[in-house]
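We use all heavy atoms of the structure for the numbers below, so side chains are in, but hydrogens, waters and symmetry mates are not. Labels below follow one simple rule: chain letters A, B, ... track the order of the sequence lines, proteins then strands, and each chain is numbered from 1.
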2 protein chains.
Amino acid sequence: MTKLAFLFYEGMKKKVKAEKKKEIITGFYDLSRLEGIENVSIAKIGKHLGMPPSLIMHYFPNKRLLVLGLIAHILHQYQLIYKPIINKLEKDHKVYPELLVNRLFSREWNLLFDDGVFFSCFAMTFRDETIKKEYKKLHIKLRNTLKTLLDKDPVFARGDTALLAEKIFVVIEGAYYYLSLIEDEKEYERKLSIFKDQVFQLLQVESQLILDENE
Amino acid sequence: MTKLAFLFYEGMKKKVKAEKKKEIITGFYDLSRLEGIENVSIAKIGKHLGMPPSLIMHYFPNKRLLVLGLIAHILHQYQLIYKPIINKLEKDHKVYPELLVNRLFSREWNLLFDDGVFFSCFAMTFRDETIKKEYKKLHIKLRNTLKTLLDKDPVFARGDTALLAEKIFVVIEGAYYYLSLIEDEKEYERKLSIFKDQVFQLLQVESQLILDENE
DNA sequence: TTTAATATTGAATGAATATTCAATAAATGA
DNA sequence: TCATTTATTGAATATTCATTCAATATTAAA
């Protein structure tokens with residue numbers, strides 16, 4: 001086997017392996033949505049995907065690695081929620097508060113993402129340092145993304161964008177947590193508009209402050 | 001046995017029963033702090049308390065009831081954190097923003113309370129309606145307490161105190177969630193002061209708005 | 001002391017758990 | 001075709017789980 005052929009072969013093997021791993025993680029995630037992560041066993045995942053538990057353990061030598069894989073998956077998913085927001089706002093070098101707020105609180109939240117799995121895994125941060133670091137990385141990333149967005153607007157760029165991002169995200173996260181408890185559609189909408197307004201005001205106050213300074 | 005004696009007897013029995021149940025719940029809580037609630041079994045609680053698992057099941061016929069008992073316990077504990085704040089502020093019919101903020105974000109949080117157990121149980125709200133209702137009740141109660149407090153101050157009473165309480169608590173909850181990830185003391189303090197300032201501003205803006213209106 | 005309720009014990013249950021292992025099948029280049 | 005690596009299978013493991021049950025101990029009134 002030539003070196004090139006070998007590398008290609010290795011690449012193929014890795015690809016197959018990666019795909020299989022992804023299939024297992026996705027199965028794990030789907031079952032977790034349905035039954036709660038704490039009720040999902042390796043045997044159940046196997047049954048769900050039509051493979052023996054031993055095959056799962058071939059790709060994930062122990063359950064913790066499987067859980068870590070799931071967490072990497074959902075944190076990636078979580079970030080994806082914000083992708084369309086970023087793409088839209090990145091083009092214009094201007095942050096329109098109303099648009100930003102609407103996108104930050106968009107309903108894609110609940111559709112693309114299972115809060116139950118997210119919070120179950122979050123609870124693990126208290127007992128697993130690796131998981132804690134993953135969650136922290138996510139939060140830092142999200143805040144940085146927003147900061148970068150704000151930095152592109154000449155108005156906000158004059159203020160403390162990191163601080164503003166911090167203040168905005170704490171409301172988003174509080175809302176994300178609190179709203180997950182509310183099932184009544186009308187009540188949900190009412191509260192949602194309160195929190196949107198709250199973030200909107202943060203943006204308004206900040207931009208007003210900056211403009212006043214430079215008059 | 002006279003009726004009175006019977007009632008007394010019944011009362012005694014109930015008291016013993018209640019105390020035993022409390023002992024079990026406390027043991028469950030202590031172990032959950034140490035090992036994570038998902039790793040605590042009835043057998044482990046029994047070992048920890050020096051009693052056979054069958055005795056635990058005598059008081060809690062199945063594990064779900066035991067978990068519900070634990071949740072009632074921690075939600076009660078959670079409320080207690082706010083007790084000193086309320087007592088202090090209730091006497092004066094005046095809300096001092098700085099004092100209120102300092103108390104709302106007091107460090108008794110982390111000392112009296114285990115975040116890991118709280119969030120693990122919170123994750124259960126997504127799969128158990130009873131638990132969800134309990135958590136919701138807690139949040140409503142906390143908001144109402146703050147609203148009542150604000151209502152006692154003639155300044156804030158003129159505004160929408162329910163709305164203000166809602167806005168304050170969403171920051172507290174977001175902060176509670178987010179700060180739980182941060183271990184570095186300095187970083188924690190820095191972020192904490194941001195969120196305190198954020199709530200402080202909510203109070204300031206609101207009171208200023210009300211005072212302006214009545215000039 | 002008798003009675004009746006409750007408290008406590010310890011042994012036993014079957015089901016489910018993560019994990020191991022040996023055997024076979026499939027893929028792929030030499 | 002052969003050799004080697006990886007993928008897949010299915011059976012077996014010990015351990016832990018919540019729960020059941022029958023037997024005994026304790027309590028306190030009658």
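With a 6.0 Å cutoff to the six-membered ring centre and a 45° limit on the axis angle, A:K17 does not count as a cation-pi contact of A:Y59. Annotation: cation-pi geometry not satisfied between A:K191 and A:Y178 (NZ/CZ under 6.0 angstrom from ring centroid, within 45° of ring axis). Cation-pi geometry between B:R103 and B:Y96 is not met: the NZ or CZ atom fails to fall both under 6.0 Å from the ring centre and inside 45° of the normal.
For the pair A:K20 and D:dT8, the criterion of a side-chain N or O lying under 4.0 Å from OP1 or OP2 is met.
In this structure, the ring of A:F169 has its center no less than 6.0 angstrom from the ring center of A:H139.
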Full working for salt bridge (Lys or Arg N to Asp or Glu O under 4.0 Å) between B:E19 and B:K22: CA-CA 5 Å; B:E19 276 168 1; B:K22 196 170 185 176; over 6 Å; no
Please enumerate all protein N or O atoms sitting under 3.5 Å from an N or O of nucleotides 9-12 of chain C, with distances to 0.1 Å.
{"unit_1": "C:dG10", "atom_1": "N7", "unit_2": "B:S54", "atom_2": "OG", "d": "3.3"}
{"unit_1": "C:dG10", "atom_1": "O6", "unit_2": "B:S54", "atom_2": "OG", "d": "2.6"}

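Regarding B:E38, its CD atom lies at a distance of 15 Å from the P atom of C:dT17, rounded to whole Å. Atom pair B:I56:CD1 and D:dA18:P shows a separation of 10 Å (rounding to whole Å applied). One interatomic measurement links the two molecules: CG of B:N39 to P of D:dC17, which rounds to 9 Å at whole-angstrom precision. To the nearest angstrom, C1' of D:dC17 lies 13 Å from NZ of A:K44. Rounding to whole angstrom units, CD1 of residue B:I42 and C1' of C:dT13 are separated by 15 Å. In this structure, CG of B:L49 is placed 15 Å from C1' of C:dA7, rounded to the nearest angstrom. Rounded to whole Å, the distance from OH on B:Y59 to C1' on C:dT6 is 8 Å. Put simply, CZ on A:F60 is 19 Å from C1' on C:dT20, counting in whole angstrom units.
Sequence neighbours left out, the pairs with a member in residues 113-135 of chain B that pass ring pair (Phe, Tyr, Trp, His ring centres under 6.0 Å) are A:F119-B:F122, A:F119-B:F126, A:F122-B:F119, A:F126-B:F119, A:Y177-B:F122, B:Y78-B:F113, B:Y78-B:F118, B:F113-B:F118, B:F118-B:Y135, B:F118-B:Y176, B:F119-B:Y176, B:F122-B:F126, B:F122-B:Y135.
When atom types are taken as modelled, the side chain of B:N144 and the backbone of B:K147 share no donor-acceptor pair closer than 3.5 angstrom.
Checked against D:dC17, D:dA7, C:dT17, the side chain of A:K17 finds its nearest nucleotide in D:dA7. If you check C:dT20, D:dT20, C:dT8 against the side chain of B:M57, the one that comes closest is D:dT20.
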